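Source: prediction; values computed, not measured. In this chain, numbering begins with 1 at the start of the sequence shown. Both counts, for ligands and for their atoms, begin at 1 and track the order of listing. Computation of the quantities below employed the complete heavy-atom set of this structure, encompassing side-chain atoms and omitting hydrogens, waters and symmetry-equivalent molecules.
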Amino acid sequence: MQENVLLSRWTTIGTGGPARWFARPESIDELADALRWARDHGASVEAIGLGSNVLVHDDGVDALVVKLGGELASVRLDGAVLVAGGGAANAVCLHRARAAGLGGFEFASAIPGTVGGGVRMNAGAYGREWRDVLIDAVVVDADGPRTVGVEALDLSYRHSGLADGDVVAQVRLRLDPSSPEAVKARVAELLAQRKATQPTNKRTFGSVFKNPSAELGAGRAIEACGLKGHRIGGALISPRHANFIENAGDATSADCLALMAEARRRVHECFGVGLEHEVRFLGPLELPLLQGDGGAAAN
Ligand SMILES: Cc1cc2nc3c(=O)[nH]c(=O)nc-3n(C[C@H](O)[C@H](O)[C@H](O)COP(=O)(O)OP(=O)(O)OC[C@H]3O[C@@H](n4cnc5c(N)ncnc54)[C@H](O)[C@@H]3O)c2cc1C
C-alpha cells in the first residue's frame, strides 16, 4: 500500500492533495485484498477512474484510494458484448467497438472517464446513458465480488445505487451491429457539437451541477446570474459554458469550491433553486447551507 500519493495528477482539473493510502490493483483478487485491508484498518475506500468528475480536498483524503489497472482496465469483445474492466477508459472501449463494427457507445465519446466511473455516475450524453447499454457489473467490496444486474444498480440521472466503498471491477455492455465508418462519422458529429459549446481544451471536471429540471439547465441559470467568466483565485466559471469551472493555471480545490458556493448562492437568490453538485467530493469538502431553506441538500 503506497502512502501520501498526490491526487492532483490523477484529476482532470489538476487540483487536490494526497491520498493517505493508494493502491493499484490489477485483478479482482488484488482488489478484494486491498478492500479487506481497508476494512481491517478502519479505512474508508474511494475509487478513482480518470478523475474527470471529482474534486479532491487540498489537504487530501483520509482513505484508501484505489485506481484500477492491469486486467481491471482491459477490454475484450464477446460477440456484440463488450467486456471491460472498471478502469478501462471509455475511449479505449469505443475504439475496440468501432474496429469490430459495433455501435451504441458513441454517446460516450465526449465523456473522458472510465466505464467504472460511468456506472457510478450513470454518465450520459446526447440522450443516452450507461443504463441504456449496461447488462451487468462485477462489484467488489471487502466481502469479495458479486455480479449485479443493471436493474439492481438503480441507475438514474447521474446516480447509482452503489454503496460507499463499492468498486466496479468489470462491466458488460450490449452493443449493436454497425460499421466502423458509421461509428466514426457519429463520433465526429458528436465531438464537433461538444467543441462548439463546451471548454473541451481546458482543465475542468465536467459538469459542476446537475440540471435542476429539463426546463432549467444549471449552465443557463448560472449564466443568467451574470457569472460567466467570474473568477476566484485560479478558478474560473467557463466563459464558454457556465456549468464548467476551468483551472486557469494555479487553481486550488478551495478556489473551485468557493466558486461553486457563489454560483449556488446566486442561483438560489435569482431562481429559488438549490443546485445539487454533480462533481463528486473526495475528502471533507462541503458547500455552505443556503439561506432560508434549512440547507436544501447540496447533494
Ligand atoms: C470535459 C468533460 C466532459 C464531460 N462530459 C460529460 C458528459 O457529457 N456526461 C457525463 O455524464 N459526464 C461528463 N463528464 C464527467 C465525467 O467524465 C463522468 O462522470 C465520468 O463517467 C467519470 O468517470 P471517471 O472514470 O473519470 O470517474 P472519476 O471522476 O474518477 O470518479 C467519479 C465518481 O465515480 C467513482 N468511481 C470511479 N471509478 C469507479 C469504479 N471503478 N467503481 C466505483 N466507483 C468509481 C469515484 O469514486 C467518484 O465518486 C465530463 C467531464 C469532463 C472533464
Side-chain angles (χ1 to χ4, degrees), residues 7 9-14 16 19 23-25 28 31 34-35 44-56 61 63-69 72-73 84-93 106-132 134 137-141 145 148 153 155-171 190-191 193-195 197-211 219 238 240-241 243-247 277-283 285 299:
L7 293 177
R9 64 175 286 229
W10 298 114
T11 64
T12 53
I13 187 82
R24 301 204 65 181
I28 287 183
L31 174 59
L35 301 186
S44 54
V45 171
E46 302 279 1
I48 194 159
L50 291 182
S52 62
N53 210 193
V54 291
L55 185 64
V56 179
V61 190
L64 167 66
V65 174
V66 293
K67 181 158 175 65
L68 308 181
L72 299 182
N90 299 337
V92 175
C93 296
E106 295 90 331
F107 74 91
S109 56
I111 305 179
T114 60
V115 288
V119 174
R120 168 74 67 180
M121 304 302 297
N122 187 29
Y126 306 109
R128 275 171 78 78
E129 54 193 10
W130 251 241
R131 184 173 53 177
D132 299 324
L134 190 66
V138 177
V139 177
V140 183
D141 64 14
V148 186
L153 283 163
L155 302 179
S156 58
Y157 174 51
R158 304 301 171 265
H159 166 87
S160 70
L162 289 170
D164 287 347
D166 276 352
V167 181
V168 175
Q170 191 182 77
V171 305
L190 295 179
L191 290 180
Q193 280 182 40
R194 196 44 85 100
K195 217 170 159 187
T197 55
Q198 293 185 7
T200 49
N201 58 350
K202 305 285 181 188
R203 282 185 291 163
T204 73
F205 45 68
S207 294
V208 179
F209 297 105
K210 296 183 187 179
N211 291 322
S238 174
R240 179 156 268 219
H241 191 306
N243 198 26
F244 284 76
I245 288 177
E246 297 177 8
N247 183 342
H277 59 94
E278 178 169 325
V279 58
R280 306 272 302 191
F281 292 161
L282 265 64
L285 292 166
N299 189 356

Which atoms of ligand 1 have any heavy atom of [X] under 4.0 Å away?
X	value
Met121	19 (O), 33 (C)
Gly118	21 (O)
Thr204	1 (C), 53 (C)
Leu68	41 (N)
Asn53	15 (C), 16 (C), 19 (O), 29 (O)

Gly49 N/O under 3.5 Å from ligand 1 N/O: yes

N or O pair under 3.5 Å between Val168 and ligand 1: yes

Of the listed options Ala73, Gly117, Gly51, Gly116, closest to atom 28 (P) of ligand 1 (non-hydrogen atoms): Gly51

Among Gly206, Ser207, Gly124, closest by any non-hydrogen atom to atom 7 (C) of ligand 1: Gly124

contact_flag Ile13 ligand 1 heavy-atom lt 4.0 Å: no

Sub-4.0 Å heavy-atom approach of Arg194 to ligand 1: yes

Phe281 and His277 aromatic ring geometry - parallel, tilted or perpendicular at 30°/60° bounds: parallel

Arg24: salt bridge (Lys or Arg N to Asp or Glu O under 4.0 Å) partners, not counting sequence neighbours: none

